Each structure stands twice: as C-alpha cells, then as structure tokens.
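See below for the structure under consideration.
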Amino acid sequence: MSSPIEFAPGLTVQGFTPPLRLRDFKLIAFDMDSTLINIECVDEIADAAGRKAEVAAITEAAMRGEITDYKDSLRQRVALLKGVTVEHLEQVYRHRLQLNPGAAELVLACKAAGLKVLLVSGGFTFFTNRLRDRLALDFARSNQLEIVDGLLTGRMIDQNWGDICDGAQKRATVLQTCDLLGISPQQAIAMGDGANDLEMMGAVGLSVAYRAKPKVRAQAQVAIDMGGLDRLLEVVQP
C-alpha cells in the first residue's frame with residue numbers, strides 16, 4: 001500500500017485516489033462501540049458493578065491488539081458484570097450512549113445511495129438491536145448477554161451463528177452479507193476503530209478507521225482523526 005496522504009486536515013487516505021463514488025458500493029458495515037457510538041458499552045455497564053476501571057483496562061488492551069484472544073477477553077469482562085440489573089442497561093442506553101458526530105448523516109447518505117447497512121459488533125444485542133431500529137439499519141449482529149430475573153448472570157448466550165462475535169466472526173458476517181446481497185466484497189465498506197475490526201476491514205473494498213487505535217489507523221485506506229463519521233463523504237462522494 002502506498003504512503004498515507006493527508007487529503008484534508010484530520011483526514012488521511014492511502015492506496016487509492018479520491019474521490020470514489022458512494023453508489024459504486026452496495027454495503028457499509030459499522031462497528032458499534034467507539035465507532036458508531038461514543039462509548040464502550042461493556043465499560044459503562046461495569047460502572048454499575050463498581051468495576052469500570054478493571055473492565056476498561058481489558059477493553060483498551062483488546063482494542064489495541066495487545067490481547068490476542070478477543071473471546072477470552074470478552075468472557076473475562078462479562079463475568080465481572082454479574083448481578084448488574086437490566087435497568088442499568090437501560091440507563092446506559094438512555095443517558096450515556098450517544099451517536100458519534102456524523103453517524104446518522106452518513107447512514108442516511110449511504111441509504112440514499114442504495115447501500116445496505118450492517119452493524120456488526122463485539123458488543124451486545126441489547127444495544128445493537130435498539131440502534132438497528134432507531135437508525136433503520138438492515139442487519140445487526142452482536143453478542144447476547146444472559147439475563148435471569150432481571151439480572152446479568154455474567155455469561156453470554158450462544159446464537160445460531162456461533163458463540164461470540166469476535167474479529168473472525170465480524171469478517172464472516174460481512175462476507176455472508178455480501179453473499180446474501182449477491183455482491184462482491186469489493187463493493188463493501190467497513191468502518192471500525194479497534195483491533196477486532198481489522199479482519200473485516202481487510203476483507204472489503206474500502207476500509208475506514210474512525211479515531212482509531214494506531215494499529216488500525218495504519219492499515220486503513222481512510223483514516224478520520226478529526227470531525228465526524230460523515231467526513232467519509234469527502235472522499236467517497238454521494
């Protein structure tokens with residue numbers, strides 16, 4: 001890949017010459033935590049258990065790529081959430097979770113250009129399903145927390161596609177969605193910020209890093225370091 005070029009302040013490109021046309025793509029896949037939204041949900045849930053610092057440290061190491069077994073790191077973090085109430089999950093969604101700047105605008109522009117939108121996350125269905133409905137997204141896949149009598153058990157529930165949505169599952173989900181839509185992976189865009197996004201970003205036609213960890217930023221074709229997600233529209237024009 002060629003050397004990164006600063007296309008505009010806080011917006012870097014490598015490996016292609018802008019502008020591309022949004023209509024040439026058929027799918028955009030978003031990571032959720034710290035990409036589409038402003039928080040790491042698992043860290044905020046941990047706050048209720050008085051374990052935010054402990055959980056956040058594992059999250060940060062996993063996102064930097066320092067923990068190679070994402071599934072194990074997530075199981076460790078979820079175990080620390082045992083006993084947190086569903087009401088606290090609601091509080092996180094209502095009061096802490098916000099869309100990142102430009103998220104709604106980018107989703108609308110993509111839908112207007114005929115793209116399908118996938119939300120694929122190492123986070124939790126409690127949040128991805130709400131965001132899917134709120135933004136009228138086409139597909140969402142993430143992990144399901146086990147809840148018994150209104151309390152988290154500290155475990156996750158296996159789903160029909162597997163146990164945990166890690167980097168490999170994100171890549172598989174993007175490729176399966178391309179197959180479902182009858183398109184080439186080259187017609188897909190993937191946007192993320194952490195190490196578990198690298199596999200799906202490497203499988204598509206255009207990879208986008210949003211305020212990402214250095215390892216992710218270095219490998220992405222587009223890196224947005226300032227401003228909102230909709231800055232992608234400066235290099236991939238509607």
Side-chain angles (χ1 to χ4, degrees), residues 28-47 51-52 54-81 84 89 92-93 96-97 99-100 103 117-132 135 137 139-147 152 154-177 188 190-204 207-213 215-217 219-220 229:
I28 185 165
F30 290 97
D31 167 53
M32 180 175 68
D33 296 87
S34 299
T35 301
L36 194 68
I37 64 171
N38 64 322
I39 58 171
E40 293 285 337
C41 290
V42 68
D43 297 354
E44 300 306 319
I45 299 167
D47 203 17
R51 288 176 156 165
K52 184 173 181 179
E54 193 176 348
V55 169
I58 301 172
T59 301
E60 178 66 16
M63 291 305 100
R64 283 197 304 260
E66 292 164 8
I67 296 176
T68 51
D69 190 336
Y70 180 84
K71 288 187 179 187
D72 187 52
S73 85
L74 188 62
R75 288 191 185 100
Q76 283 178 40
R77 286 175 284 166
V78 169
L80 294 169
L81 306 180
V84 172
L89 300 187
V92 170
Y93 180 75
R96 300 194 185 190
L97 185 154
L99 294 175
N100 268 328
V117 185
L118 164 67
L119 180 58
V120 59
S121 171
F124 308 116
T125 55
F126 187 92
F127 302 102
T128 55
N129 290 352
R130 283 164 170 76
L131 287 167
R132 178 195 63 204
L135 295 170
L137 309 180
F139 312 100
R141 178 170 290 180
S142 61
N143 304 303
Q144 188 169 352
L145 292 166
E146 185 179 61
I147 298 169
L152 299 189
R155 293 186 296 271
M156 288 169 285
I157 297 172
D158 289 359
Q159 297 177 72
N160 58 8
W161 46 262
D163 56 356
I164 288 177
C165 190
D166 61 353
Q169 180 57 230
K170 284 187 172 194
R171 179 181 184 275
T173 302
V174 170
L175 295 176
Q176 286 164 10
T177 307
M191 184 181 254
D193 74 293
N196 65 330
D197 297 315
L198 284 170
E199 289 185 62
M200 73 169 179
M201 289 168 69
V204 299
S207 56
V208 185
Y210 180 70
R211 302 194 180 197
K213 300 293 181 277
K215 184 176 179 180
V216 180
R217 188 185 183 284
Q219 294 183 44
L229 278 78

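Note that the structure is a prediction, hence the values are computed from the model and not measured.
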Next on the checklist: Let's go through R132 and N129 carefully: what are the C-alpha distance in whole Å and the side-chain angles of both, what is the deciding distance for side-chain contact (heavy atoms from CB on, under 4.5 Å) to 0.1 Å, and is it a yes or a no?
Outcome noted: CA-CA 5 Å; R132 178 195 63 204; N129 290 352; 3.4 Å; yes

Item to check | Rounded distance [0.5 Å steps], CG in D166 versus CZ in R171 | outcome: 12.0 Å

Next on the checklist: Measuring only between side-chain heavy atoms, which start at C-beta, is D31 closer than 4.5 Å to K170?
Outcome noted: yes

Item to check | Atom pair CD1 (I58) and CG (L80), whose distance is rounded to the nearest 0.5 Å | outcome: 6.0 Å

Next on the checklist: Rounded at 0.5 Å granularity, tell me how far CD1 in I45 sits from CG in L81.
Outcome noted: 5.5 Å

Next on the checklist: Quick one, L137 and L118 - any side-chain contact, counting heavy atoms below 4.5 Å?
Outcome noted: no

Next on the checklist: I need the E146 CD to D158 CG distance, nearest 0.5 Å.
Outcome noted: 10.0 Å

Checklist entry - Can you name the nearest heavy-atom pair linking Y70 to A62, along with the distance? => result CD1-CB, 4.5 Å

Next on the checklist: As a quick check of understanding, evaluate side-chain contact (heavy atoms from CB on, under 4.5 Å) for M156 and L74, giving each step before the final call.
Outcome noted: CA-CA 10 Å; M156 288 169 285; L74 188 62; 3.7 Å; yes

Next on the checklist: To check you understand the geometry: which heavy-atom pair defines the closest contact between A29 and V120, and what is its length?
Outcome noted: CB-CG1, 4.5 Å

Checklist entry - Counting distance only, does the side-chain N/O of N100 pair as donor-acceptor with the main-chain N or O of I37 below 3.5 Å? => result yes

Item to check | Note, T173 side chain near W161 side chain (heavy atom, < 4.5 Å) | outcome: no

Checklist entry - Can you find a side-chain donor-acceptor pair between R141 and Q169 that sits under 3.5 Å? => result yes

Item to check | Flag side-chain contact, heavy atom, 4.5 Å: L97 against E44 | outcome: no

Next on the checklist: For a side-chain hydrogen bond (donor to acceptor under 3.5 Å, both in side chains) check, start with the C-alpha distance between R77 and S73, then their side-chain angles and the critical distance, and finish with the verdict.
Outcome noted: CA-CA 6 Å; R77 286 175 284 166; S73 85; 3.0 Å; yes

Next on the checklist: Can you tell me how far apart CD1 (I157) and CG (D163) are? Round to the nearest 0.5 Å.
Outcome noted: 13.0 Å

Item to check | Side-chain (N143) to main-chain (C165) donor-acceptor, under 3.5 angstrom | outcome: yes

Item to check | Test log, rule side-chain contact (heavy atoms from CB on, under 4.5 Å), inputs I147 and L152 | outcome: CA-CA 5 Å; I147 298 169; L152 299 189; 3.6 Å; yes

Checklist entry - Can you find a heavy atom in the side chain of N196 that is under 4.5 Å from one in the side chain of M63? => result yes

Next on the checklist: Taking A190's backbone N and O only, do any of them form a donor-acceptor pair with S207's side chain (distance below 3.5 Å, no angle check)?
Outcome noted: no

Checklist entry - Should M201 and Q219 count as side-chain neighbours, where that means a heavy-atom distance under 4.5 Å? => result no

Item to check | Nearest heavy-atom neighbours spanning G123 and D33 | outcome: CA-OD1, 3.8 Å

Next on the checklist: Please give me the minimum heavy-atom distance between T128 and T125, naming the atom from each residue.
Outcome noted: OG1-CA, 3.2 Å

Checklist entry - Are any of the side-chain heavy atoms of L99 and L131 separated by less than 4.5 Å? => result yes

Checklist entry - Is there a donor-acceptor contact under 3.5 Å linking the side chains of E40 and S34? => result yes

Checklist entry - Does the pair I39 and F127 meet the rule for a side-chain contact (heavy atoms from CB on, under 4.5 Å), with working shown? => result CA-CA 11 Å; I39 58 171; F127 302 102; over 6 Å; no

Checklist entry - Are the side chains of F124 and V42 in touch, meaning some heavy atoms are under 4.5 Å apart? => result yes

Checklist outcome for this item: The reported gap from CG in L135 to CZ in R130 (rounded to nearest 0.5 angstrom) is 14.0 Å

Checklist outcome for this item: Closest heavy-atom pair, R64 versus K213, reported as atoms and distance to 0.1 Å, is CG-CD, 3.8 Å

Item to check | Smallest separation among heavy atoms of F30 and M200, with atom names | outcome: C-CE, 4.5 Å

